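Computed from a predicted model, the values in this text were never measured in an experiment. Numbered from 1 within each chain, the chains take letters A, B, ... in sequence-line order.
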2 protein chains.
Amino acid sequence: MTEQPVIDAPAPGRRDPEGRKRAIIAAAAELIIEGGTASLTHRRVAARAGVSLGSTTQYFASLDELRESALEQLVAETDAALDLLAEITSADDFTVADLAPFVRSWLVDPRQVQADLILVSAGASDPTRRALARRWFDRAVAILSERLPPDRARAVAIYVDGAMIHAGLHDEPLDLDVIVGDLEALAHPARPRSTEPAPQHQNGPRS
Amino acid sequence: MTEQPVIDAPAPGRRDPEGRKRAIIAAAAELIIEGGTASLTHRRVAARAGVSLGSTTQYFASLDELRESALEQLVAETDAALDLLAEITSADDFTVADLAPFVRSWLVDPRQVQADLILVSAGASDPTRRALARRWFDRAVAILSERLPPDRARAVAIYVDGAMIHAGLHDEPLDLDVIVGDLEALAHPARPRSTEPAPQHQNGPRS
DNA sequence: CCCCTTTCTGTACGTTTGTACATCAATTGA
DNA sequence: TCAATTGATGTACAAACGTACAGAAAGGGG
């Protein structure tokens with residue numbers, strides 16, 4: 001009942017330092033996604049990874065170091081997703097609308113969303129981990145900047161981060177059309193930069 | 001050295017159930033902002049609030065219940081900020097650009113930013129607290145929808161959430177001009193809804 | 001085959017946790 | 001003034017924690 005599926009681990013007792021370490025990090029990353037960085041304990045990791053308690057202390061000087069490795073693993077996963085983004089933007093006939101399906105595939109993946117929010121939370125509350133959390137944002141801006149003005153690239157990245165929050169709090173994902181429309185609006189603004197009064201909708205003044 | 005400033009508390013021993021409960025919740029909210037929801041312990045709350053350990057268990061059936069009360073307190077604070085938003089949007093000569101200073105004042109307040117990110121994180125990982133975390137977003141959309149089409153209101157709220165993440169991870173806040181520009185772009189898109197190929201910048205194809 | 005090195009395992013210990021509860025102090029109504 | 005009551009306090013305890021470490025077991029070289 002309280003048993004959780006074992007992640008990966010080599011057979012018990014069998015020697016396999018690298019495999020074991022990998023299994024421990026994978027289990028830790030999983031637990032962090034499920035319960036946040038603070039929910040990590042040596043014993044839970046051991047149970048999930050299918051290794052002994054001692055093994056979880058052998059490869060890492062402290063629990064904090066294990067946590068750090070697990071977070072780096074999560075960053076590596078999102079890095080892989082960004083490689084796909086780079087592929088998309090490098091297409092000859094690329095348009096901003098092409099980003100939408102990619103963004104949406106990200107938003108509908110609870111694991112990805114959770115990982116991102118946890119990294120943000122970790123980075124915001126602990127300056128030590130800020131660089132880790134910022135990697136997604138910085139790389140995304142860098143990639144998008146090859147096709148958009150840097151400030152437009154940043155605006156798009158900010159919007160996507162906001163959409164990540166939306167995804168984390170809502171069951172209904174954003175429609176693809178909506179994402180396309182918003183990304184295009186940010187990437188190709190009507191008046192590229194002004195503060196003059198703008199025409200606006202008027203949905204009826206409050207009573 | 002390890003002493004932390006006391007929050008509010010009534011004099012030790014003096015009877016004041018409501019004041020004491022208030023001080024406990026305030027201390028808990030403070031600790032949550034500083035170290036996340038998981039860092040909350042009865043003893044830390046007692047020290048910060050300047051009350052005895054027993055008092056922290058007296059008014060709440062469990063630590064989880066205390067945590068819940070503290071989170072509700074944080075939501076109440078952001079609710080107050082949203083009242084200000086409602087004032088702004090109700091002005092006769094309101095334009096979207098008027099939102100920017102308000103948004104920015106939010107972003108440069110570390111406490112507000114941290115509170116929001118913590119609520120999001122709590123809501124994303126625990127369905128029980130999702131409604132709590134969603135209150136900011138839902139109310140913001142509702143308020144903005146009096147002046148913008150609902151889907152534009154939502155886009156703006158998503159962007160602001162993204163800007164909150166940006167603020168949590170960067171020391172340099174977003175320029176007011178940038179915020180104005182992005183909000184206007186989202187509120188008044190060039191082509192209100194289309195997926196046809198758009199003219200685009202070309203910052204030089206990758207080598 | 002056996003031995004030596006490296007890896008793995010489980011137990012143990014001191015700390016900190018949430019929570020229960022007995023004791024004490026403050027307030028109130030007579 | 002003086003019980004009686006309600007609120008506040010500190011101690012106690014089982015459970016879970018991070019970590020250290022001694023011993024068992026596996027794999028490879030002789």
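Using a 4.0 Å cut-off on heavy atoms, the residues of residues 55-72 of chain B that approach DNA chain D are Ser55(B), Gln58(B), Tyr59(B), listed by number.
We find that Arg154(A) and Asp151(A) are not joined by a salt bridge, their nearest charged nitrogen and carboxylate oxygen being 4.0 Å or further apart. Taking the charged nitrogens against the carboxylate oxygens, Lys21(B) and Asp16(B) have no contact shorter than 4.0 Å, which rules out a salt bridge. Look at Glu34(B) and Arg44(B) and you find no salt bridge, because none of the NZ, NE, NH1 or NH2 atoms lies under 4.0 Å from a carboxylate O.
Side-chain atoms of Thr56(B) and Leu63(B), non-hydrogen and from C-beta on, never get closer than 4.5 Å to each other. Val141(A) places none of its side-chain heavy atoms less than 4.5 Å from the side chain of Asp138(A).
Phosphate proximity of dT16(C) to Arg44(B): absent, as no side-chain N or O sits under 4.0 Å from OP1 or OP2. Applying the 4.0 Å criterion to OP1 and OP2 of dT9(C), one finds that Arg20(A) has a side-chain N or O inside that range.
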Applying side chain to side chain contact (heavy atoms under 4.5 Å, CB included) to Leu85(A) and Leu99(A), what does each step give before you reach the verdict? CA-CA 8 Å; Leu85(A) 172 64; Leu99(A) 293 177; 3.5 Å; yes
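Computed from coordinates, the Asp16(A) CG to dT9(C) C1' distance equals 16 Å when rounded to whole Å. With rounding to whole Å, His42(A) atom NE2 is found 16 Å from dG14(C) atom C1'.
Of the two residues near DNA chain D, Thr41(A) and Gly54(A), the one whose nearest nucleotide lies more 5' is Thr41(A). Projected onto DNA chain C by closest heavy-atom contact, Leu53(A) and Pro10(A) fall at different nucleotides, the more 5' of which corresponds to Pro10(A).
The side chain of Ser52(A) has dT9(C) as its nearest neighbour among dT9(C), dT9(D), dT7(C). The Arg43(A) side chain lies nearest to dC17(D) when the options are dT27(C), dC17(D), dT9(C).
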